[in-house]
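A short worksheet on the structure shown next.
Residue numbering restarts at 1 for every chain, and letters A, B, ... go by the order of the sequence lines. Values reported hereafter were calculated over all heavy atoms of this structure, with side chains retained and with hydrogens, waters and symmetry mates removed.
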Amino acid sequence: MADEIKKEEEKSLNFLEEIVEEDLAAGRYKSILTRFPPEPNGYLHIGHSKSIVLNFGLARKYGGKTNLRFDDTNPVTEDTEYVESIKADIRWLGFEWANEFYASDYFEQLYLFAEELIRKGLAYVDDSSAEAIARMKGTPTEPGTASPFRTRDVETNLQLFRDMRAGKYKDGEKVLRAKIDMASSNMHFRDPLMYRIKHAHHHRTGDAWCIYPMYDFAHGQSDSIEKITHSICTLEFVPHRPLYDWFIEKLDIFPSHQYEFARLNLNYTVLSKRKLLQLVNEGHVSGWDDPRMPTISGLRRRGYTPESIRLFAEKIGVAKRENLIDVSLLEFCVREHLNKIASRRMVVFDPLKIVVSNYEQPEEWLSSEDNPEDPGTTHRQLPFSRELYIEQDDFMENPPKKFFRLSPGQKVRLKSAYIIQCDEVVKDASGKITELRCSYLPESKSGGAQSNMKVQATIHWVSIPHAITAEVRLYDRLFRVEDPANEAGDFKEYINPDSLQVLQAAYAEPALRNAKFDEHYQFLRKGYFYLDKDSSEEKMVFNRTSTLRDTWAKEQRKDRPNP
RNA sequence: UGGCCUAUAGUAUAAUGGUAGUACGACAGAUUUUGGUUCUGUUUGUCUUGGUUCGAAUCCAGGUAGGCCAACCA
């Protein structure tokens, strides 16, 4: 039975796996080579992780390899800062590339390709301005018109192109264009630009070049030079594919092939570098790694794990249909992993003081499991004393029917400790509750002979004299609407003003003092938390990675529907 | 008003001419020293109209809807 299910799963391939299997079966390739080709002009985000898992995953599954290639053909937007962050993010996600290449490695070769096309009469130098070229391009329903420079002879074109390279012209004075078809229904065939002049410093080639190839004249050729078998990109490049093939055919070079999939869209966030850059530059977030950002670095700082992001990338699948994935799936994936690995700790956010009136000892140390999901779990020591904090939320003076926690005369268990009963509610002059007087049941001690006594609920707590404090940052979705990018007006109007809530001092059990960056925590009943880089010797700071599922909160919402 | 891509539960994704399945979500219940976890159950779907066929989510044609394409960006 299990085998049958497994077989079914194996049979169910996504369309890219089908293509690869067919190519391999037909003997078109001995092994496959994919590439992940970011432009180093921004940080990687969760959308890129789909592409990364796809490219590296496909190669891994079919015994092939994956290159990392930086598509650095536009010197004015690119920077080594981005190169470094991109490499760090890919490694953190758990992937290693076969080769690290740069489109700029191929500038000389690409230049020679261009001369070859000129010699074949398939490219020409155009002196027209950008505006003139745009005008002559026509529209999707009207054909374009030929540039007056379209008929220049080969020798002239060759000389002019060499002069372009030599720096004889200023930015914008000339471009190199492919000579294809000004009437094509595919706008990319109306003599697309191959090279433009940019007297700009390149992060790798410095000032060696003043002409730079356009995307269409760099990407396919770079794939071909590396002998990439399957060049996988997003759907907006579909109209480029005929041009991708045209250059390869005219140059008669290794025939890489392009395949397109639908990019990831996630609700309640934005996933475009331009928009993310705006959020950073205009101070709506603290940086690319702000824990509310959908960047890999933001998710990492927030406490997401590589495993959870890979799981997400696998669960969303891949197809050619536009999609908007529900963040609840991402949250499910991170809880799924963190539940297995997170160390449990008790932390009170909003304290209510409890005095255990019949507790006479100064203190006692109890044992509690670090992770009940782990059969071989370790245990930590937990101090108990006469004065404790519990959560305000865990006490109600006049509880509704389904409230299981503490209320006057009622009992609850303190996790890993004793059952207590609320005997008295102490209030100040204004009627505000200042503390609770409770009595404990010594025989109910956790782990003891009679510890199986039943009460309705178990709550977390902290011993006041032993408590340490930490700052806690609680995050909510960055936007108030599902699809801010497609809403009327500026997407920034839809930013959620309450996406960050800071608790200056939460009270934690002392074991949290040793918190480390390689450990994830579950604050019992509160959520998953991860140490933030803003922590110092004096003050620990924790980010809430995710809440726990909360069916009680749902129950409450039902009782008090939105006005 | 041209060309191209796409259309399966609320959201994704599978079924490759032969019983429409899976995950997340939602809802209900069991278990639980986390109102967590785990387990069980329920709910909801082939854009539309024709055609081919014994049989269509699948193939064909028309329609409809959404997306992409006219940057010296990638």
Worksheet item: Distance only, no hydrogens: is a donor on one side chain within 3.5 Å (strictly under) of an acceptor on the other, for A/S184 and A/N186?
Response: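 On atom types as modelled, these side chains do not qualify, holding no pair under 3.5 Å.
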
Discussion item. Distance alone, cut at 3.5 Å: any donor-acceptor contact between the side chains of A/Q410 and A/S407?
Written reply: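 Side-chain D/A pair, A/Q410 to A/S407: absent.
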
Sticking with atom [atom1], work out how far [N] lies from [M], rounded to a whole angstrom.
N: B/rA12; M: B/rG67; atom1: P; answer: 14 Å
N: B/rU13; M: B/rA57; atom1: C1'; answer: 14 Å
N: B/rU43; M: B/rG63; atom1: P; answer: 39 Å
N: B/rG50; M: B/rU42; atom1: C1'; answer: 37 Å
N: B/rU58; M: B/rU6; atom1: C1'; answer: 15 Å
N: B/rC5; M: B/rC73; atom1: P; answer: 28 Å

Relative to each other, are the rings of [X] and [Y] parallel, tilted or perpendicular (30° and 60° limits)?
X: A/Y111; Y: A/F161; value: parallel
X: A/F70; Y: A/Y102; value: parallel
X: A/W461; Y: A/F384; value: perpendicular

Discussion item. For B/rU33, does the base pair up with any side-chain atom of A/R413 as donor and acceptor (N or O, under 3.5 Å, distance only)?
Written reply: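 Donor-acceptor pair under 3.5 Å: yes.
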
Item to complete: Report yes or no: is there a donor-acceptor pair, N or O only, under 3.5 Å between the side chain of A/S446 and the base of B/rU33?
Response: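 Under the 3.5 Å cut-off, the side chain and the base do form a donor-acceptor pair.
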
Would you classify [X] as touching base, sugar-phosphate or nothing, given that sugar-phosphate means primed atoms plus P, OP1 and OP2, and contacts are heavy atoms under 4.0 Å?
X: A/K320; result: sugar-phosphate
X: A/R190; result: nothing
X: A/K402; result: base
X: A/S184; result: nothing
X: A/Q522; result: base
X: A/G447; result: base
X: A/V76; result: nothing
X: A/F70; result: nothing
X: A/L324; result: sugar-phosphate
X: A/K526; result: nothing

It should be established whether [X] places a side-chain nitrogen or oxygen under 4.0 Å from OP1 or OP2 of nucleotide [N].
X: A/S12; N: B/rU13; result: no
X: A/R344; N: B/rU34; result: no
X: A/K198; N: B/rC73; result: yes
X: A/R196; N: B/rC73; result: yes

Between side-chain atoms of residues 440-450 of chain A and protein atoms elsewhere (two or more places apart, or another chain), which donor-acceptor pairs fall under 3.5 Å?
from	atom 1	to	atom 2	distance (Å)
A/S444	OG	A/I419	N	2.8
A/S444	OG	A/L441	O	2.6
A/K445	NZ	A/E364	OE2	2.9

Item to complete: Return the nearest nucleotide to the side chain of A/I325; candidates are B/rA12, B/rA74, B/rU34.
Response: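 My answer, after comparing the listed nucleotides, is B/rA12.
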
Please output the side-chain donor-acceptor pairs of residues 34-41 of chain A that fall under 3.5 Å, not counting sequence neighbours, one pair per line with the distance.
from	atom 1	to	atom 2	distance (Å)
A/T34	OG1	A/N55	O	2.9
A/T34	OG1	A/T66	OG1	2.9
A/R35	NH1	A/H219	NE2	2.7
A/R35	NH1	A/S231	OG	3.1
A/R35	NH2	A/I232	O	2.3
A/E39	OE1	A/N41	ND2	2.9
A/E39	OE2	A/T77	OG1	3.1
A/N41	OD1	A/K273	NZ	2.7

Fill in: Residues in contact with RNA chain B, drawn from residues 123-132 of chain A - heavy-atom cutoff 4.0 Å
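A/S128, A/S129, A/A130, in order of number.
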
Item to complete: List in numerical order all residues of residues 365-380 of chain A for which some heavy atom is under 4.0 Å away from an atom belonging to RNA chain B.
Response: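 Those residues whose heavy atoms fall under 4.0 Å from RNA chain B, taken from residues 365-380 of chain A in numerical order, are A/P372, A/E373.
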
Item to complete: Indicate, with yes or no, if the rings of A/F332 and A/F312 have centres closer together than 6.0 Å.
Response: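 They do not qualify: ring centres at least 6.0 Å apart.
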
Worksheet item: When the ring centroid of A/Y124 is compared with that of A/F149, is the distance short of 6.0 Å?
Response: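 Centroid separation for A/Y124 and A/F149: 6.0 Å or greater.
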
Worksheet item: Across all strands, who's sitting opposite B/rG55 as a Watson-Crick or G-U wobble pair, both distances under 3.5 Å?
Response: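 When the pairing criteria are applied, nothing turns out to pair with B/rG55, so the answer is none.
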
Worksheet item: Within 45° of the six-membered ring axis of A/Y521 and under 6.0 Å from that ring's centre, is NZ or CZ of A/R345 located there?
Response: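 Relative to the ring axis of A/Y521, which defines the angle, A/R345 lies outside at least one limit.
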
Worksheet item: Honestly, is A/K174 close enough over A/Y169, meaning NZ or CZ under 6.0 Å from the six-membered ring centre and within 45° of the axis?
Response: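 Yes, A/K174 and A/Y169 form such a contact.
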
Worksheet entry | CZ-CG distance between A/F395 and A/L406, expressed to the nearest 0.5 angstrom |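 Going from CZ on A/F395 over to CG on A/L406, the span is 6.0 Å.
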
Pairs: protein N or O with nucleotides 66-70 of chain B N or O, under 3.5 Å:
from	atom 1	to	atom 2	distance (Å)
B/rG67	O2'	A/E322	OE2	3.0
B/rC69	O2'	A/H188	NE2	3.3

Worksheet item: Separation of A/D216 atom CG from B/rA71 atom C1', in whole Å?
Response: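 In whole Å, B/rA71 C1' lies 11 Å from A/D216 CG.
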
Fill in: For A/D394, the option from A/R413, A/K526, A/R405 that meets salt bridge (charged side-chain N to carboxylate O under 4.0 Å, His left out)
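Of A/R413, A/K526, A/R405, salt bridge (charged side-chain N to carboxylate O under 4.0 Å, His left out) with A/D394 is met by A/R405 alone.
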
Protein-nucleotides 22-26 of chain B N/O pairs under 3.5 Å:
from	atom 1	to	atom 2	distance (Å)
B/rA26	OP1	A/K554	NZ	2.8
B/rA26	OP2	A/K554	NZ	3.4

Item to complete: On RNA chain B, check which nucleotide each of A/N339 and A/S451 is closest to and give me the residue with the more 5' one.
Response: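 Going by which nucleotide is closer to the 5' end, it is A/S451.
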
